[in-house]
**Q** 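The structure follows.
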Amino acid sequence: MAFRHWRESVMYQLYPQSFKDSNGDGWGDLQGILDKVDYLTELGIDLIWLGPIYDSPMVDNGYDIRDYQRIHPRYGTMDDFQQLLKRLHEQEIRLIMDLVINHTSDEHPWFQQSRSSKDNPYREYYIWRPPGDDGGEPNNWRSFLDESAWTYDEQTGEYYLHLFDRKQPDLNWEHPQLREELYEMIRWWLDQGIDGFRLDAINMISKHPDLPDAPEDAPHPLGQQFYKNGPRIHEFLHELHEQTFARYDHIVTLGEAPSVTMEEVLNYTAPARGEMDMVLAMDMMRIGKDAKDPWQNRDWSITELKESVLKWHDGVHGRGGYAVYLSTHDHPRILPDVIGAGEHYDQAAKLVGTFLHTIPGIPLIYQGEELGLPNTLYPHIDDYRDAGTIGYYERAVADGESEQQVLDKIHKRSRDGSRAPMPWNCTLPQAGFSEAEPWIPVTPEEQLKGRCADDQLVHPDSVLHYYRQLIRLRRMNPIVIYGSLTMLLPEHEQIMAYVREWEEERWLVVLNFADEDVSVDWSQTPIAGTERMIKLHGNYPKFSRPVDREDEHDLSELEVLRPYEALIYRMPSTTL
């Protein structure tokens, strides 16, 4: 199999229960994914991140694992998995799985043993503490569900730590025997032929040994400065790499590591250190999100996005590895609430794709993004499934907010907004996802507006075809992968423009993030006076700007940018 190097890949995240149901139970499965391999191949992606399919009580949609070496029956069998893996490899597509090793389900046999008595050998596999001086929780840490990060267990009279749901107790990485059992499990999966892992919450596995209280004015959730990027994190990750990934060829690792400096990213991903290949550039996801209240929106400027692009380029590009993205299963989709769209929706969706595929970093497409899917707005709280969303709704209503006020916040911030089933055919029940009622409702028809895959496949100007073109453009031009970036107009609050350079090649990318025409003055930029540019791509209809005489393009064409316009030009090779 001739896999492309991971640095040259385009990654696609599959949220399996929402991708395609093959057996009519309303739950996406492995055979459903197998049925859509041709769709993925034609899209052009060559690296898939598959969400967790392990045996689980499904309190957190599979991120609460009960058995690491068994596939949940809803998804299928190990034979189904091997069929899928074989088919993907035939198409030269790598598959990496979600690896959740910061915590397990409380139904995992290890935890059942751990809670049985204080002297059980598995007690140290998890983090237990006696009550604090006041008889309550050992410290003031809060979970990501905005509840106490501690739950009292009456059987032994102590609390266990859980940074996520109380049914997801944190593992104690300080215990060598636990680590060895995890490594053995990881090697078992690598022996099945998979191509690596996305490492969930991986920079949280090393906690401050004293577990101190956090300042009350610290960012949400309280305590994170004591369990993110902890004192033994690099020791643990290097050992993990040496005991597992380093023993196999061509393995790819992608770390979820929130709240990192660029120095820390280099420590995690510099090849010589032997820890991870790349991390997710998560700060791009935080535009429009309040740091202390995850349910509150805030105003944001395009300059924030520019600063993030520059920070990762200047601090990491060419030395470490990172993936860039604007949507995942854990965050609401960016359209239309963060980047508004209105009547220019398709242009906005294509602009987002242009941005992701032309900045440095590995582009990560979340399923449905290639269709320009909107963030789903469910009309009733009963339509939501996420425990954090439902818990927030109940607390906020109990505190006196109206149901509609709370729903308005949930519509923009709940991660269920990105988890609606993939719409394959708008003429079929459940948009072609399943013959049965899905586990979570399909996006309401008025929000889809012809965004099903079958509709877009037959329209050459669709968002889907535009993504295919972007991926081909990236695959054929190393400048997008390896080239440097120079940001133009850094203070402009509507236009993002940058030059990519690689060897003798030079490209100009111009993006209008506004829903209106915007005038641009190029006279004070380093590219003032540039002529004879060749237009490579744009998100308005093909012949909306002159393309018949390629040698006559110049900056005069770019003095006014249309709403959400995205343009890519090849420029003269003179270095800036």
Side-chain angles (χ1 to χ4, degrees), residues 1 3 5-7 9 11 47-56 62-63 65-71 78 81-82 85 88-89 94-105 108-110 122 124-126 170-207 229-257 264-280 320-323 362:
M1 291 169 288
F3 293 127
H5 191 278
W6 63 265
R7 290 189 186 276
S9 294
M11 186 163 28
L47 176 60
I48 285 176
W49 155 21
L50 178 66
I53 57 171
Y54 314 98
D55 181 52
S56 166
Y63 285 89
I65 297 174
R66 181 166 48 202
D67 187 337
Y68 284 105
Q69 291 172 251
R70 181 171 179 264
I71 291 175
M78 183 57 75
F81 179 80
Q82 287 293 348
L85 185 62
L88 290 172
H89 283 177
R94 280 190 173 109
L95 177 71
I96 65 174
M97 297 181 68
D98 242 312
L99 184 63
V100 188
I101 49 178
N102 174 73
H103 50 270
T104 68
S105 166
H108 194 290
W110 294 345
Y122 285 90
E124 292 186 66
Y125 276 41
Y126 296 85
D170 276 47
L171 291 164
N172 177 22
W173 271 72
E174 300 288 334
H175 191 50
Q177 184 59 37
L178 162 74
R179 301 201 302 273
E180 183 49 47
E181 287 214 47
L182 289 174
Y183 303 154
E184 183 178 351
M185 174 271 295
I186 293 167
R187 291 191 294 266
W188 183 86
W189 273 109
L190 293 171
D191 288 339
Q192 306 306 308
I194 69 170
D195 304 294
F197 292 98
R198 178 260 189 182
L199 309 174
D200 182 73
I202 196 62
N203 68 329
M204 303 181 194
I205 60 176
S206 173
K207 280 75 170 176
N229 313 302
R232 297 186 68 187
I233 186 65
H234 296 293
E235 174 191 345
F236 290 158
L237 288 179
H238 183 71
E239 181 182 273
L240 167 64
H241 179 270
E242 292 302 305
Q243 293 297 317
T244 59
F245 315 132
R247 301 183 181 189
Y248 298 80
D249 293 332
H250 310 300
I251 297 303
V252 181
T253 51
L254 167 67
E256 181 190 32
E264 287 166 337
V265 172
L266 286 177
N267 287 336
Y268 285 134
T269 66
R273 293 182 59 87
E275 296 187 18
M276 296 182 288
D277 291 320
M278 52 181 162
V279 299
L280 291 161
Y322 60 99
I362 309 303

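Residue numbers start at 1 and run along the sequence shown. From a predicted model like this one, the values you see are computed outputs, not experimental measurements.
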**Q** Going by distance alone, is a donor N or O of one side chain under 3.5 Å from an acceptor N or O of the other, for Tyr248 and Asp191?
**A** yes

**Q** Taking the side chain as everything from C-beta on, heavy atoms only, tell me whether Leu240 gets closer than 4.5 Å to Arg179.
**A**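 A side-chain contact is absent here, since even the closest heavy-atom pair is not under 4.5 Å.
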
**Q** Under the 3.5 angstrom rule, does the side chain of Tyr54 hit a backbone N or O of Asp98 as a donor-acceptor pair?
**A**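 Answer holds: yes.
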
**Q** Quick one, Gln192 and Met97 - any side-chain contact, counting heavy atoms below 4.5 Å?
**A**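 Heavy-atom side-chain distance check fails, nothing below 4.5 Å.
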
**Q** Just do the side chain to side chain contact (heavy atoms under 4.5 Å, CB included) check on Tyr125 and Gln177 with the steps written out, would you?
**A** CA-CA 8 Å; Tyr125 276 41; Gln177 184 59 37; 3.1 Å; yes

**Q** For a quick test of reading the model, state the closest non-hydrogen atom pair linking Arg94 to Ser9 and the distance between them.
**A** NH1-OG, 4.5 Å

**Q** Please tell me if the side chains of Phe245 and Glu275 come closer than 4.5 Å, counting only heavy atoms from C-beta onward.
**A**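 Answer no - side chains too far apart.
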
**Q** Using the six-membered ring wherever Trp is involved, compare the ring planes of Trp110 and His108 and label them parallel, tilted or perpendicular (cut-offs 30° and 60°).
**A**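 Rings of Trp110 and His108: tilted, as their planes differ by 30° to 60°.
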
**Q** Can you check side chain to side chain contact (heavy atoms under 4.5 Å, CB included) on Trp173 and Arg232, steps first, answer last?
**A** CA-CA 9 Å; Trp173 271 72; Arg232 297 186 68 187; over 6 Å; no

**Q** Test side chain to side chain contact (heavy atoms under 4.5 Å, CB included) on Leu254 and Asp277; report intermediate values, then the result.
**A** CA-CA 6 Å; Leu254 167 67; Asp277 291 320; over 6 Å; no

**Q** Check the orientation of Tyr268 and His234. Use parallel for under 30°, tilted for 30 to 60°, and perpendicular for over 60°.
**A** tilted

**Q** Given side chains that start at C-beta, do those of Tyr122 and Glu181 come closer than 4.5 Å, heavy atoms only?
**A** yes

**Q** Check whether Thr269 reaches the backbone of Gly320 with its side chain - one donor and one acceptor, N or O, closer than 3.5 Å.
**A**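 Absent.
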
**Q** With the side chain counted from C-beta on, respond yes when Ile194 and Phe81 share a heavy-atom pair under 4.5 Å apart, and no when they do not.
**A**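 Result yes, sub-4.5 Å side-chain heavy-atom pair found.
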
**Q** Mind listing the closest non-hydrogen atom pair of Met278 and Ile362 along with its distance?
**A** SD-CG1, 3.8 Å

**Q** Donor-acceptor pair, Arg187 side chain versus Thr244 backbone, under 3.5 Å?
**A**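 Side chain of Arg187 to backbone of Thr244: no pair is present.
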
**Q** Would you confirm whether the ring centroid of Tyr126 sits within less than 6.0 angstrom of the ring centroid of His103?
**A**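 No, the ring centres sit 6.0 Å or more apart.
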
**Q** If only atom types and distance count, is the side chain of Tyr68 paired as donor or acceptor with the main-chain N or O of Val100 below 3.5 Å?
**A**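 Confirmed, Tyr68 side chain pairs with Val100 backbone.
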
**Q** Count the heavy atoms belonging to other residues, nucleotides or ligands that lie under 6.0 Å from CD of Glu124, then report whether that count exceeds 12.
**A**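 For Glu124, atom CD is not crowded (no more than 12 foreign heavy atoms under 6.0 Å).
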
**Q** Return yes when atom CD of Gln82 has more than 12 non-hydrogen atoms of other residues, nucleotides or ligands closer than 6.0 Å, and no otherwise.
**A** yes

**Q** Step by step, would you call Ile101 with Ile202 a side chain to side chain contact (heavy atoms under 4.5 Å, CB included)?
**A** CA-CA 7 Å; Ile101 49 178; Ile202 196 62; 4.0 Å; yes

**Q** Show the nearest heavy-atom pair for residues Gly62 and Ser56, with the distance to one decimal.
**A** CA-OG, 3.6 Å

**Q** Quick one: sort the His89 and Phe3 rings into parallel, tilted or perpendicular, breaks at 30° and 60°.
**A** perpendicular

**Q** Between Glu264 and Asn203, is any pair of side-chain heavy atoms under 4.5 Å apart?
**A** no

**Q** Tell me whether Asp195 contacts the main-chain N or O of Ile96 through its side chain, where contact means a donor paired with an acceptor under 3.5 Å.
**A** no

**Q** Among Met185, Arg198, Glu256, exactly one meets side chain to side chain contact (heavy atoms under 4.5 Å, CB included) together with Leu99. Which residue is that?
**A**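 When side chain to side chain contact (heavy atoms under 4.5 Å, CB included) is applied between Leu99 and each of Met185, Arg198, Glu256, only Met185 qualifies.
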
